[in-house]
Amino acid sequence: MIREIYILLVEFVRTFGGLTLFLIELLQQAPRTLVLRFRLVVAQVYNAGALSLVIIMICGGFVGGVLALQGYANLTRFGAEDAVGVFAGFALIKELGPVITALLFAGRAGTALTSEIGLMKATDQLSAMEMMAVDPIRRVVVPRFLGGVIAMPFLVAIFSCVGLLGAHLVGVNMLGIDVGAFWQQMQNSLDLRDVTEGILKSIVFGFIASLMAVWEGFNSIPTAEGVSRATTRTVVITAIAVLITDFMITAAFLRN
Amino acid sequence: MCGFRKVSAMLRPAMSQPNDNIIEIRNLCFSRGSRAIFKGLNINIKRGEVTAVMGPSGTGKTTLLRLITRQLRPDSGQILVDGVDIATLNKKQLYQLRKRFGMLFQNGALLTDLSVFENVAFPLREHTELSNRLIRHVVLTKLHAVGLRGAADMMPAELSGGMARRVALARAMVTDPDILIYDEPFVGLDPISMGVIVRLVRRMNDALGISSILVSHDVDEISTVSDCSYLISDGKVAASGSPDELNRASSELVRQFMHGMADGPVAFHFQAPDYAEQLLGRDAE
């Protein structure tokens, strides 16, 4: 029993140490890559960002609509249905926008990154690059990591905007809330601090989701089973890490 | 420029290298987990020759190539390239050294997101400032040499196994390396592709003055193409010499391997409990 705990502990420290060194290398290489391999980074922003747009917009629209429905159903009891805009705005911009986008990103783009890098490893493409004196971290990993980090805040912004439009559609057009009250109250209640919180979360979550995706891919066991396990781990670990970090950032932003 | 480099590479042995061996492996030991793969391996790769490394499956032939190129590190022993111990190189020096190597992987290892042309152009785009026009010339020349100039615009997924390996060969030689390494180049090829590859290996070695290391267990092909062969068994060199010498060797192991005999020092069956007992004994119930 003690021996098993010890082995687990050593494994944890080893993995965490490896992840830290990996992150340091990514950050060291990032500025050079951004300048010298700008086109590769743009291609990866397209892969991680533009190709995720449809799922992000569909989900954003429906989440906004559900918020309006739930908000309306509960707020009418207090005669405060005009506050549906505030309710949806707070929920989307501070919480649901960043969190759901990060979870969708892990499922859509994160898994694609992990399996792509894992399969490149399994088919010796990364070894071939090393043999051609090309650092795979610089050529393959860093552009994909940067692509995710850059795309995420934009995806969150789009999710939140489409969500607000969904809430407007349901709240104003279907449930008959006054359009002026819907937007005016939201504008009065939400301030820069709230938007900043959302933006900060989107940046941090983008960082976490992209890092986990490339790390798992790069360290996957180069077999079919190994790559599939790594892909699953990407989603699970990203989800856990995002929700824990979300709690911490929310706590840090609470007004005293 | 390239031409000059090639000429200087050809002159190098006579001018500045007192040693005939471009690669020397001394007392190499390497284990995976508890299984010892090499137990004091000694191999010399001669400059300008085709050297073959043979051995039954699982003797660590591919592992040896990964050790030579330092994708793996030995437990003990030395690997010297032009007299320099590669274990002492830092990452930058190692990448400089690797620019002198070209390697053909077992499955080709083409980059699947790039076309055939871009795959072959990849090392040039990464390491040189050549103009697009010049890169196009060089790449088409190399693709022509492997007979696949017409496939330049195809994607790797559209190629057959043999074609992929020929493209990988074009990519391995596009930077005019000093040392070409082939990992099982003949596996799974049809007779025509096999003949093409065998001729290419020999022709490139002689025409470009490079040194080649070839890992394989295709005895017939090795015999036609190699100058010197090493037979590895049980983590050590069991025999070495020219193909003729190996064919005439009296050792049981060498004869079993060279003539493909099922019975001999190398057992066909992996270590297992008694056959009858396993089928009829208590475990069977």
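What you see below is based on every heavy atom in this structure, not just the backbone, and it leaves out hydrogens, waters and symmetry mates. In the text below, chain A, chain B and the rest are named by the order of the sequence lines, each starting its count at 1.
- Rounding to the nearest 0.5 Å places CG of B:L65 at 12.0 Å from OG of A:S127.
- Contact between B:H127 and A:A133 at its shortest, heavy atoms only, is CE1-O, 3.1 Å.
- Within 6.0 Å of NZ in B:K92 there are 12 or fewer heavy atoms belonging to other residues, nucleotides or ligands.
- No part of A:R138 comes within reach of chain B, as not one of its non-hydrogen atoms sits under 4.5 angstrom from that chain.
- Few gaps surround CZ on A:F22; more than 12 heavy atoms of other groups in view lie less than 6.0 Å from it.
- Between B:R98 and A:E130, the closest heavy-atom pair is CD-O, 3.1 Å.
- Within 6.0 Å of CG in B:L134 there are more than 12 heavy atoms belonging to other residues, nucleotides or ligands.
- Atom CZ of B:R149 sits in a sparse spot, with 12 or fewer heavy atoms from other residues, nucleotides or ligands closer than 6.0 Å.
- Put simply, CZ on A:R139 and CG on B:L111 are 7.0 Å apart, with the number rounded to the nearest 0.5 Å.
- Between A:R37 and B:E126 there is a salt bridge, with a side-chain nitrogen of the basic residue lying less than 4.0 Å from a carboxylate oxygen of the acidic one.
- Atom CG of residue A:D124 and atom CZ of residue B:R66 lie 5.0 Å apart, to the nearest 0.5 angstrom.
- Here A:M132 contributes atom CE and B:N119 contributes atom CG; the two are 7.5 Å apart, rounded to the nearest 0.5 Å.
- Dense packing is recorded around CG of B:N90, with more than 12 heavy atoms of other residues, nucleotides or ligands lying under 6.0 Å away.
- Residue B:N107 comes nearest to A:T123 through the heavy atom pair ND2-O, 3.6 Å, listed as atom of the first residue, atom of the second, then distance.
- Sorted pairs that involve residues 27-49 of chain A and meet ring pair (Phe, Tyr, Trp, His ring centres under 6.0 Å), not counting sequence neighbours, are lacking altogether.
- Of the atoms belonging to B:L110, it is backbone heavy atoms, and not side-chain ones, that fall under 4.5 Å from chain A.
- Distance check, rounded to the nearest 0.5 Å: CD of A:E116 to CG of B:D113 gives 6.5 Å.
- At most 12 non-hydrogen atoms from other residues, nucleotides or ligands lie less than 6.0 angstrom from CE of A:M57.
- Residue pairs meeting the ring pair (Phe, Tyr, Trp, His ring centres under 6.0 Å) criterion with at least one partner in residues 83-106 of chain B, sequence neighbours excluded, are absent.
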